[in-house]
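Predicted model, so just to flag it, every value in this text is computed and none were measured. By convention here, the first residue in the shown sequence is residue 1.
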Amino acid sequence: MNRKTLAAAIAIAASAQAVCAQFGSGIVFDPTQSGHAVQQIVQGKQLYTTMFETTRNVIGAYNLAQRMASLPQTLYRSYSNLGRQEWILLTRPANTYGNTLPWMNAAINGIGAPNAIQIASIPNPGKVVGYSGLSTPGQQAIAARGATVDLSDAINASSLQTIGAIRANAAQREADISQLEAATHSLDPTQHTEMATLQRINQALLIELRTQQETNQMLQAQALQQLISHKVQQDNLKSLFQTGNGYFQNFNSVTPQQTSLGTQWAFHY
């Protein structure tokens with residue numbers, strides 16, 4: 001081996017040792033870069049876990065919605081034979097004197113209630129003959145009782161018309177309820193979506209509100225009847241007070257006072 005070849009071999013060996021010192025067993029460790037790498041690995045693991053949980057919740061919600069939209073048919077038919085509450089048909093009267101049919105028709109459809117009340121009752125005679133010639137207390141007593149008669153006829157007619165109107169609307173109300181029932185028990189998947197169910201709930205609440213309004217109207221009619229009854233009682237009490245007051249005021253002028261005769265006047269009769 002000549003000198004040139006030996007020198008080249010020595011140079012190659014020296015360079016190999018330097019490379020081994022830097023890239024072999026003598027690699028330089030950077031803790032800052034390693035910390036960033038570990039932090040990124042932890043964040044990536046957390047992101048994966050969150051995404052996995054979200055995906056599982058979404059799949060669970062989808063499966064629940066699918067089960068609700070395709071429930072067994074027996075769940076929709078379990079209550080399809082519920083009993084129905086309907087108005088009882090009015091029993092037709094004998095109509096002996098031919099004056100009850102208008103009243104019955106008004107009770108069924110609410111039409112012609114004022115006329116029906118007058119036909120089936122004693123007609124209002126109007127103002128009493130000689131009313132203008134009565135004293136002021138007498139006119140007040142007659143006028144109070146006449147007002148009671150007029151108010152009673154008006155309230156009876158209003159109550160009869162209210163009941164008849166409610167009965168007339170009962171058929172349409174029953175049809176609405178039957179339609180809601182049919183949609184509730186339907187096997188059509190579109191009838192069991194969330195929006196369709198909410199619409200039926202809203203419609204049922206509206207029907208309940210209408211029914212409550214009808215109940216309030218009937219309660220109002222009963223309250224008016226009670227007011228008329230209270231008015232009759234008050235008129236009777238006031239009339240008694242007026243009669244008693246007039247009796248004591250006119251007693252001395254009508255009955256002769258013979259106190260001077262003593263027991264002799266006592267045996268006059």
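Leu134 is connected to Val128 through a chain of hydrophobic side-chain contacts under 4.5 Å among Ile, Leu, Val, Met, Phe, Trp and Tyr, so both are in one cluster. Two different hydrophobic clusters hold Leu101 and Trp103 under the rule that ILVMFWY side chains link at heavy-atom gaps under 4.5 Å. Under a hydrophobic clustering in which Ile, Leu, Val, Met, Phe, Trp and Tyr are joined whenever their side-chain heavy atoms come within less than 4.5 Å, directly or via other members, Met51 and Val58 fall into different clusters.
Distance check: Ser152 OG to Leu224 CG gives 10.5 Å after rounding to the nearest 0.5 Å. Here the straight-line distance linking atom CD of Gln226 with atom CG of Leu219 works out to 9.5 Å at 0.5 Å rounding.
Between Arg173 and Glu214, at least one side-chain N (NZ, or NE/NH1/NH2) sits under 4.0 Å from a carboxylate O, which counts as a salt bridge.
In terms of heavy atoms, Thr91 sits closest to Met104 at O-CE, 3.6 Å. When all heavy atoms of Thr184 and Leu180 are compared, the closest pair comes out as OG1-O, 2.8 Å.
Sparse packing is recorded around CD of Gln220, with 12 or fewer heavy atoms of other residues, nucleotides or ligands lying under 6.0 Å away. Within a 6.0 Å sphere centred on CD of Glu53, other residues, nucleotides and ligands contribute more than 12 heavy atoms. The neighbour count for Ile122 CD1, taken as heavy atoms of other residues, nucleotides or ligands under 6.0 Å away, does not exceed 12.
In this structure, the side chains of Gln172 and Asp176 come closer than 4.5 Å at one or more pairs of heavy atoms. Residues Gln225 and Asn156 are in side-chain contact: their nearest non-hydrogen atoms beyond the backbone lie under 4.5 Å apart. Residues Arg210 and Gln213 have side chains in contact (heavy-atom distance under 4.5 Å, counting atoms from C-beta outward).
With hydrogens and angles ignored, the 3.5 Å screen pairs no side-chain donor or acceptor of Lys231 with any backbone N or O of Arg145. Of the possible donor and acceptor atoms, one in the side chain of Thr148 sits under 3.5 Å from a partner among the backbone N and O of Ala144.
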Report the C-alpha separation of Glu208 and Leu205 in whole Å, then their side-chain angles, then the decisive distance to 0.1 Å, and conclude whether the side-chain contact (heavy atoms from CB on, under 4.5 Å) test is met. CA-CA 5 Å; Glu208 184 178 358; Leu205 291 176; 3.9 Å; yes
Scan the side chains in residues 106-120 for donor-acceptor partners under 3.5 Å anywhere in the protein, sequence neighbours excluded, and list what turns up.
{"residue": "Asn109", "atom": "OD1", "partner": "Ile111", "partner atom": "N", "Å": "3.0"}
{"residue": "Asn109", "atom": "ND2", "partner": "Asn105", "partner atom": "O", "Å": "3.4"}
{"residue": "Gln118", "atom": "NE2", "partner": "Asp153", "partner atom": "OD2", "Å": "3.4"}

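Remark: the Gln212 side chain and the Asn216 side chain contain an N/O donor-acceptor pair separated by less than 3.5 Å.
Judged as a side chain to side chain donor-acceptor pair (under 3.5 Å), not a single pair has a partner in residues 133-143 (not counting sequence neighbours).
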